[in-house]
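Below: the structure, in C-alpha cells.
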Amino acid sequence: MSETTQQTLQYRFDGPEDAPVLILGPSLGTTWHMWDRQISALIQNWRVFRFDLPGHGGAPAHPATAVGDLTDRLLATLDGLGVRRFGYAGCSIGGAIGADLALRHPHRVASLALVASSARFGSADEFRQRGVMVRTNGLEPMARTAPERWFTAGFVAAQPTIVEWAVQMVRTTDPGCYIAACEALAAFDIRTELGRIGVPTLVLVGAEDQVTGPGDARTLVAGIPDARLALVPGASHLAPVEQPGAVTDLLLTHFSAAWQDTQAAIPAPVFVPQLSAPVLPVAEITAATALPVAPSEGRADPYPPGMRIRREVLGDAHVDGVMAASDDFTDDFQELVTRYAWGEVWAREGLDRRMRSTVTLTALVASGHLESLAAHVSAALRNGLTPAEIREVLLQTAVYCGIPAAGAAFTIAQTVIQAETTPPA
C-alpha cells in the first residue's frame, strides 16, 4: 500500500519482490480492484503493481486534467520505489497512460497491452459534456448508466452482485477528479503518433464494446508497428471483469513472449538524473494542417491557439458548423474572430474562463445579441459555471440590462441547460 502526494499515486504491490514488475492501469470510474480476477495468475510470474486514479478508490482528490499529468505522477511514484523498467497493461484511460508512457518514455516500457483503449476517445465534445453532467447532477447518472457502458446485457442479468460492485466504484469516486479525467480524455489524441510506439503491443478489446470498440482497436493495430489484435467474445468495455479467464490468458501469453523479446533487444538504460533543461525530441509528428500566415514577423501567430481555445470553449460541433458555413465572403471575418477574439483576448491570463464566460453572458444580454447566447451558455457550462451561477448572472442582468432582455435570455438559457444537463434515461 502507499502514502500519496499531489505528485504521486495511490498504489499496491502483489507478488514476489524479486520478480519483474507488471503494472495494471484502471479505467475511468474504477479502482485497482477491476483487476482482482487476474492477480492470482499474474503473480506467478510478476510483481504486480496496481494504482488508483486521483479521487478513485479513496485516493486523495488531486485532479489531473491531462493524460500526461497522470503519466508523470505514475513515473514519480515508480521512481520513488526504484522501479525503472516494467510491463504495462491499462484499460481505457489506463491504456491512454500506457500509450503515453511508450511514446515519451519508451525505455521504461518492456511491453504494452492496451485494453478497451483508443488513440482518441470519442469526441472532445462528448467528454466535456459528461463533465457538465457530473458537475450539475453529481456522479449518480454515470453510476446508473455504467452497467450498459461496461457490460453486456447477458452479464448484467446473470451477475447482479458484480454489476452492483462496479456501480459502487463510480459512486465513491470524487466528482472533481472524475470531471478532470473527462477533460484529460477530451484532449487526448495520439492518432498521428502511433507509429512511434516501438514496444510489442497487445490491443485487446471486447467484441461487444460500445465505448471503445473493435474499430478503435483496429486503428491502434494499424498504426502501431509491432501490435496484434485480440478480440474477446462475450465481453464489453470492462473485459477483465466480464471475461477474466480469457483476458488473463491473453496477458500471460503476451507478456511472457514480449518480455523475452525486448529484454535483449532494448537494454534498460542506466539511471540518469533529471537535467536542469529538458531534452527535446528530434522531431514531433503533427497533423499536416496549413495554418494562416502570421500577421507580423517576430511574434507568434495567435490563430492556432485561438482555434484551439475556440473549440475548447464552444465545442467542435459548433465551430465545425460555423467554419463549414463560411465562404470567400466571410472567411476573413472568421479568421479575424479566431485570431483576435480567441487567440488574443480569450487567451489572456488575466481572467480565468469562468469569469470570461460570466462577462460574455452579461455583455450579450446588455447588447441584445441574444442570437449568440445559446452557444455561450453551453460554453459557460463547459468552463465550469453551474446552472445556479448562470441563473444568478442573468438575474443580475435583469436589474442592470432590463427585464425584457433578461427574460428572453432566461428562455434561451433554460433550453440549453435542460438539454446539456438532463441525465440519460
Side-chain angles (χ1 to χ4, degrees), residues 124-138 175-176 179 182-183 186 302-303 305-326 329-423:
D125 285 350
E126 175 186 346
F127 279 97
R128 293 195 177 103
Q129 173 65 24
R130 190 184 293 189
V132 167
M133 196 82 66
V134 172
R135 188 179 294 114
T136 305
N137 302 286
I179 293 168
C182 288
E183 288 293 327
Y303 186 94
M307 180 57 74
R308 174 181 57 79
I309 295 170
R310 189 177 186 182
R311 288 184 176 278
E312 289 175 356
V313 173
L314 295 177
D316 288 334
H318 176 86
V319 176
D320 287 343
V322 170
M323 302 308 288
S326 185
F329 185 72
T330 58
D331 279 349
D332 289 344
F333 175 73
Q334 290 302 327
E335 183 175 328
L336 180 147
V337 168
T338 300
R339 177 171 279 124
Y340 295 107
W342 295 100
E344 295 278 4
V345 177
W346 274 85
R348 292 176 63 86
E349 297 181 356
L351 298 176
D352 63 19
R353 289 188 186 177
R354 280 171 47 86
M355 182 61 73
R356 291 192 186 279
S357 277
T358 300
V359 173
T360 301
L361 292 178
T362 304
L364 289 174
V365 176
S367 62
H369 295 309
L370 300 184
E371 67 280 357
S372 299
L373 188 66
H376 279 281
V377 170
S378 180
L381 291 169
R382 289 170 179 273
N383 286 342
L385 287 173
T386 66
E389 289 171 326
I390 293 173
R391 179 186 64 219
E392 294 303 317
V393 171
L394 296 184
L395 281 172
Q396 193 81 1
T397 66
V399 175
Y400 292 95
C401 304
I403 297 293
F410 264 104
T411 299
I412 295 169
Q414 181 184 40
T415 300
V416 173
I417 290 171
Q418 286 178 345
E420 295 269 347
T421 64
T422 300

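Nothing fancy with the numbering, it's 1 onward along the sequence.
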**Request:** Could you please spell out the steps behind the side-chain contact (heavy atoms from CB on, under 4.5 Å) verdict for Arg128 and Glu312?
**Result:** CA-CA 9 Å; Arg128 293 195 177 103; Glu312 289 175 356; 3.5 Å; yes
**Message:** Under a 3.5 Å distance rule, please check whether Arg135 uses its side chain to pair with a backbone N or O of Ile179 as donor and acceptor.
**Reply:**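 Flag not set: sc Arg135 to bb Ile179 has no pair under 3.5 Å.
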**Asked** Would a distance-only check, ignoring hydrogens and angles, find a side-chain to backbone donor-acceptor pair under 3.5 Å from Asn137 to Thr421?
**Response**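 Such a contact is found between Asn137 side chain and Thr421 backbone.
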Of all heavy-atom pairs between [X] and [Y], which one has the smallest distance, and what is that distance?
X: Ala375; Y: His318; result: CB-CE1, 3.7 Å
X: Leu394; Y: Ala413; result: CD1-CB, 3.7 Å
X: Ile309; Y: Arg353; result: CG1-NH2, 3.6 Å
X: Thr411; Y: Thr415; result: O-OG1, 3.2 Å
X: Ala406; Y: Thr397; result: CB-OG1, 3.7 Å
X: Leu381; Y: Glu420; result: CD1-CB, 3.7 Å

Nearest 0.5 angstrom please: [X] [atom1] to [Y] [atom2], how far?
X: Asp125; Y: Asp316; atom1: CG; atom2: CG; answer: 4.5 Å
X: Ile390; Y: Ile417; atom1: CD1; atom2: CD1; answer: 4.5 Å
X: Ser378; Y: Leu373; atom1: OG; atom2: CG; answer: 11.0 Å
X: Thr330; Y: Met323; atom1: OG1; atom2: CE; answer: 8.5 Å
X: Arg339; Y: Asp332; atom1: CZ; atom2: CG; answer: 10.0 Å
X: His376; Y: Thr360; atom1: NE2; atom2: OG1; answer: 5.5 Å

**Prompt:** So, Gln396 and Thr362: side-chain donor and acceptor under 3.5 Å apart, yes or no?
**Reply:**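 No donor-acceptor contact under 3.5 Å links the two side chains.
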Considering only heavy atoms from C-beta outward, does the side chain of [X] approach that of [Y] to under 4.5 Å?
X: Ser357; Y: Trp346; value: yes
X: Phe127; Y: Glu183; value: no
X: Glu389; Y: Arg354; value: yes
X: Arg356; Y: Asn383; value: no
X: Met307; Y: Val319; value: yes
X: Gln334; Y: Arg310; value: yes
X: Val365; Y: Leu361; value: no
X: Asp320; Y: Arg311; value: yes

**Item:** CE (Met355) with more than 12 external heavy atoms under 6.0 Å
**Value:**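 No, because the 6.0 Å sphere around CE of Met355 holds 12 heavy atoms or fewer from other groups.
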**Request:** Give the C-alpha distance, both sets of side-chain angles, the deciding distance and a yes or no for side-chain contact (heavy atoms from CB on, under 4.5 Å) between Arg308 and Trp342.
**Result:** CA-CA 9 Å; Arg308 174 181 57 79; Trp342 295 100; over 6 Å; no
**Request:** Evaluate the criterion side-chain contact (heavy atoms from CB on, under 4.5 Å) for residue pair Thr358 and Leu385; output intermediate values, then yes/no.
**Result:** CA-CA 8 Å; Thr358 300; Leu385 287 173; 3.7 Å; yes
